[in-house]
Student: 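Let me begin by handing over the structure; questions about it come next.
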Amino acid sequence: MTLPPIVASLTRHKLTALLLMLQVSFTCAIVCNVAFMIVDRVQQLHQPSGVAENELALIDSTDLDENAQPLVRHDADLAALRAIAGVKSVAAVDALPFNHRDWSNGIALVQDGPAPAAATAFNGTPGELATLGLHLIEGRDFLPNEYVPLGSAHDWNGIDQVPVVIVTRALADKLFPGQDPLGKAIYPNEKPVRIVGVVDHLRRPQAHGSSDSDYATLFPLLPDANDVTYVMRTAPQDRERVLKQATEALNRLHTNRILRRAQTFEQLRADFFHRDRTMIALLMAAALGLLIVTALGIAGLASFWVQQRRRSIGIRRAVGATQGDILRYFQFENFLIVSTGVALGVLLAYGLNMLLMLHYEQPRLPVLYLAIGALALGLLGQLAVLGPALRAASVPPVVATRST
């Protein structure tokens, strides 16, 4: 078996071979990028939040009394929630990973200087670190006398009164690479605050890029708005009971409020990534559909060519070609078509990735995905042509004498 006869045969079916090459190339380009997007989305689904997810129960409370004193109301609510059997600790917070309440600000190293990073500000009552289960890897928690009211939602004037802050390890590494961040000052606003602690992880509430998803700060600012989230830490098996009893306790304490989203943290995460899971399913279905259509195209074309070439196959068998020779001929012919399509598909895959990077902030496509995609399509092509090739190899030599 030599290359020139196969090429000569393909040149007599140029349009058919070209269409199949284009189908393979488009499939390669799309499947490589889709596979990369699926892996990227799956990694996002499993990114750590930094909190004790399987121990947290949450309730959002909105006070309808405009003249209420939020800090007094929160203290009473927290006392009632602590009294529930099984509650290890409780805190009132204004933001959590995956709850979309993202109050971000630039972090500068000098007053009125450039901000090398933007970070989410998490604020809560004493015990927030212990309640959320954050892992303090350096420094200390806030002291009771360091807490001040947050201030109105419009001015956040409390941030100019706090002297200290806790940051995540990712933010500390960004601001002070290779240095000990403890004791260093940062400028989230006009006045400096001193870093007194570093937590391992704390994922931001909104969807951010993988490089800055852990850029977060914790301030000793007491949420003093009528909207607040109560977080209770309890044993995993007690969460549903605690949520029910917490709802009843809060309603008994004060009826002029709205309680919403009584749920576990795992339910909060599941709701946050609901669209991502749907997108993964759609992308997988699209990729699988493309691969099936391409395999059917390869098999259909090979079957058509076997039918058209029965007489020539019979002649080759009559002059000494074995079944193995016929099988290898069709497999190699398909290999040439698929390989050419894959080579073109690699270029298209890079072009498509550049468009996604430009318009949708998609990361650069790694070469590994191209290699795996090319290998997968090559194997798919060989499997798809195997059936028609076996039928071609079974054509008896006598066909050459009775075909017209």
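Position 1 is the first residue of the sequence, and the numbers go up from there.
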Student: Any Lys/Arg nitrogen of Glu333 or Arg328 sitting under 4.0 Å from an Asp/Glu carboxylate oxygen of the other?
Tutor: no

Student: Considering all heavy atoms of both residues, which atom of Arg391 and which atom of Ser303 are nearest to each other, and what is their separation?
Tutor: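 Looking at all heavy atoms of both residues, the shortest contact is NH2-OG, 2.7 Å.
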
Student: Are Val165 and Pro188 packed together at the side-chain level, in the sense that at least one heavy-atom pair is separated by less than 4.5 angstrom?
Tutor: no

Student: Less than 4.5 Å apart, side chain to side chain, heavy atoms only: is that true for Val164 and Pro220?
Tutor: yes

Student: Is the side chain of Asn353 donor-acceptor paired with the backbone N or O of Leu365 at a distance under 3.5 Å, no angle test?
Tutor: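 Checked: pair present.
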
Student: Does Glu190 offer a backbone N or O that forms a donor-acceptor pair with the side chain of Gln111 under 3.5 Å?
Tutor: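 Yes, the answer is positive, given that a donor and an acceptor are paired below the 3.5 Å cut-off.
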
Student: Scan Asp141, Asp200, Leu129 and name whichever one has a side-chain contact (heavy atoms from CB on, under 4.5 Å) with Leu134.
Tutor: Leu129

Student: CG/Leu344 to CG/Leu22 distance, rounded to the nearest 0.5 angstrom?
Tutor: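 Between atom CG of Leu344 and atom CG of Leu22 there are 7.0 Å.
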
Student: May I have the step-by-step check of side-chain contact (heavy atoms from CB on, under 4.5 Å) for Val93 and Glu128, ending in yes or no?
Tutor: CA-CA 8 Å; Val93 301; Glu128 180 182 13; 3.7 Å; yes

Student: Inspect the surroundings of CZ in Arg275 and state if more than 12 heavy atoms from other residues, nucleotides or ligands are less than 6.0 Å away.
Tutor: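 Not more than 12 within 6.0 Å, no.
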
Student: Once the angle between the rings of Phe142 and Tyr147 is folded into 0 to 90°, is it parallel (under 30°), tilted (30 to 60°) or perpendicular (over 60°)?
Tutor: perpendicular

Student: Which pair of heavy atoms, one from Arg269 and one from Glu53, lies closest together, and at what distance?
Tutor: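 Nearest pair, atom of Arg269 first, then Glu53: NH2-OE2, 2.8 Å.
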
Student: Please evaluate residues Gln44 and Asp276 with respect to the criterion side-chain contact (heavy atoms from CB on, under 4.5 Å), reporting the C-alpha separation (whole Å), side-chain torsions for both, the decisive distance (0.1 Å), and the verdict.
Tutor: CA-CA 9 Å; Gln44 291 184 33; Asp276 293 86; 4.1 Å; yes

Student: Taking all heavy atoms of Gly381 and all of Ile298, pick out the closest pair and write down the distance.
Tutor: CA-CD1, 3.7 Å

Student: Any heavy-atom pair between the side chains of Pro181 and Glu138 that's under 4.5 Å?
Tutor: yes

Student: Could you walk me through whether Arg204 and Ser104 pass side-chain hydrogen bond (donor to acceptor under 3.5 Å, both in side chains), step by step?
Tutor: CA-CA 9 Å; Arg204 302 172 72 177; Ser104 297; 2.9 Å; yes

Student: Are the charged groups of Arg257 and Asp77 less than 4.0 angstrom apart, N to O?
Tutor: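 The answer is yes: the pair qualifies as a salt bridge.
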
Student: More than 12 foreign heavy atoms under 6.0 Å from CE of Met357: is that the case here?
Tutor: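 Atom CE in Met357 is crowded, with more than 12 foreign heavy atoms closer than 6.0 Å.
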
Student: Measuring from atom CG of Asn256 to atom CG of Asn251, what distance do you get when rounded to the nearest 0.5 angstrom?
Tutor: 11.0 Å

Student: Measuring from Asn123:CG to Asp94:CG, what's the distance to the nearest 0.5 Å?
Tutor: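 Here the interatomic distance stands at 4.5 Å.
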
Student: Taking Lys88 first and then Glu55, would you say they form a salt bridge - that is, a charged N and a carboxylate O separated by under 4.0 Å?
Tutor: yes

Student: Hey, which of Leu380, Val338, Leu19 is the one that makes side-chain contact (heavy atoms from CB on, under 4.5 Å) with Val24?
Tutor: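 Among Leu380, Val338, Leu19, the one that satisfies the side-chain contact (heavy atoms from CB on, under 4.5 Å) with Val24 is Val338.
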
Student: Any carboxylate oxygen within less than 4.0 angstrom of a Lys/Arg side-chain nitrogen, looking at Asp63 and Arg73?
Tutor: yes

Student: Output yes when a side-chain donor or acceptor of Asp180 lies under 3.5 Å from a complementary backbone atom of Leu182, and no otherwise.
Tutor: yes

Student: Checking side-chain contact (heavy atoms from CB on, under 4.5 Å) for the pair Arg169/Ile137: CA distance, chi angles, key distance, verdict?
Tutor: CA-CA 8 Å; Arg169 178 169 55 182; Ile137 58 176; 3.7 Å; yes

Student: Verify the neighbour count for atom CZ of Phe176: are there more than 12 heavy atoms of other residues, nucleotides or ligands below 6.0 Å?
Tutor: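 Atom CZ in Phe176 is crowded, with more than 12 foreign heavy atoms closer than 6.0 Å.
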
Student: Compare all side-chain heavy atoms of Arg233 with those of Ser89 and state whether any distance is below 4.5 angstrom.
Tutor: yes

Student: If we ignore hydrogens and angles and just use 3.5 Å, is the side chain of Thr168 paired with the main-chain N or O of Leu202 as donor and acceptor?
Tutor: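 Flag not set: sc Thr168 to bb Leu202 has no pair under 3.5 Å.
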
Student: Only pairs under 3.5 Å count here: list side-chain donor-acceptor contacts from residues 239-246, not counting sequence neighbours, and write none if there are none.
Tutor:
unit_1 : atom_1 : unit_2 : atom_2 : d
Arg239 : NE     : Asn54  : O      : 3.4
Arg239 : NE     : Pro236 : O      : 3.0
Arg239 : NH1    : Asn54  : O      : 3.3
Arg239 : NH1    : Glu266 : OE1    : 3.2
Arg239 : NH2    : Glu266 : OE1    : 3.4
Arg241 : NH1    : Ala85  : O      : 3.1
Arg241 : NH1    : Gln245 : OE1    : 3.3
Arg241 : NH2    : Ala85  : O      : 3.0

Student: Examine distances only and state if a side-chain atom of Arg260 and a backbone atom of Ser61 form a donor-acceptor pair shorter than 3.5 Å.
Tutor: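 Not at all, since once roles are kept as given, no pair shorter than 3.5 Å links the two residues.
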
Student: Is any side-chain heavy atom of Ile186 closer than 4.5 Å to a side-chain heavy atom of Val167?
Tutor: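 When only atoms from C-beta onward are counted, Val167 and Ile186 do touch, with a gap below 4.5 Å.
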
Student: In Å and rounded to the nearest 0.5 Å, what is the OH to CG distance from Tyr215 to Leu175?
Tutor: 8.0 Å

Student: Would you say the side-chain atoms of Arg203 pair up with the backbone N or O of Gln206, donor to acceptor, closer than 3.5 Å?
Tutor: yes

Student: Can you tell me if CZ on Arg140 sees more than 12 non-hydrogen neighbours from other groups inside 6.0 Å?
Tutor: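 Yes, the 6.0 Å shell around CZ holds more than 12 heavy atoms from other groups.
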
Student: Taking Thr229's backbone N and O only, do any of them form a donor-acceptor pair with Asp60's side chain (distance below 3.5 Å, no angle check)?
Tutor: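 Here the side-chain-to-backbone pair does not exist.
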
Student: Answer yes if the side chains of Gln267 and Asp271 hold a donor-acceptor pair under 3.5 Å, and no otherwise.
Tutor: no

Student: May I ask you to decide if Ala270's main-chain N or O and Arg277's side chain share a donor-acceptor pair within less than 3.5 Å?
Tutor: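 Here the side-chain-to-backbone pair exists.
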
Student: Taking Ala349's backbone N and O only, do any of them form a donor-acceptor pair with Asn33's side chain (distance below 3.5 Å, no angle check)?
Tutor: yes

Student: Shortest non-hydrogen contact from Ala108 to Pro116?
Tutor: CA-CD, 4.2 Å

Student: Report the C-alpha distance between Arg101 and Leu96 in whole Å, list the side-chain angles of each, state the deciding distance to 0.1 Å, and finish with yes or no for side-chain contact (heavy atoms from CB on, under 4.5 Å).
Tutor: CA-CA 7 Å; Arg101 297 177 185 174; Leu96 285 168; over 6 Å; no

Student: Are side-chain heavy atoms of Asn334 and Leu301 found at a separation under 4.5 Å?
Tutor: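 Not in contact.
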
Student: For the residue pair Phe98 and Phe265, establish whether any side-chain heavy-atom pair is separated by less than 4.5 Å.
Tutor: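 They are in side-chain contact.
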
Student: For residues Leu348 and Tyr350, determine if any side-chain heavy atom of one lies less than 4.5 Å from a side-chain heavy atom of the other.
Tutor: no

Student: Write down the atom of Val193, the atom of Phe219, and the distance for their closest heavy-atom approach.
Tutor: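 Nearest pair, atom of Val193 first, then Phe219: CG2-CE2, 4.3 Å.
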
Student: Taking atom types as modelled, find out whether Asp227 and Thr62 have a side-chain donor-acceptor pair closer than 3.5 angstrom.
Tutor: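 Yes, a side-chain donor-acceptor pair sits under 3.5 Å.
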
Student: Starting at SG of Cys28, measure out to CD of Gln23 and round the result to the nearest 0.5 Å.
Tutor: 12.5 Å

Student: Please report the shortest heavy-atom distance between Tyr369 and Cys32, naming the atom on each side.
Tutor: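 It is O-SG, 3.6 Å.
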
Student: Between CG of Leu171 and OG1 of Thr217, what distance do you get to the nearest 0.5 Å?
Tutor: 7.0 Å

Student: Which word best sums up how the rings of Tyr230 and His74 line up, parallel for under 30°, tilted for 30 to 60°, or perpendicular for over 60°?
Tutor: perpendicular

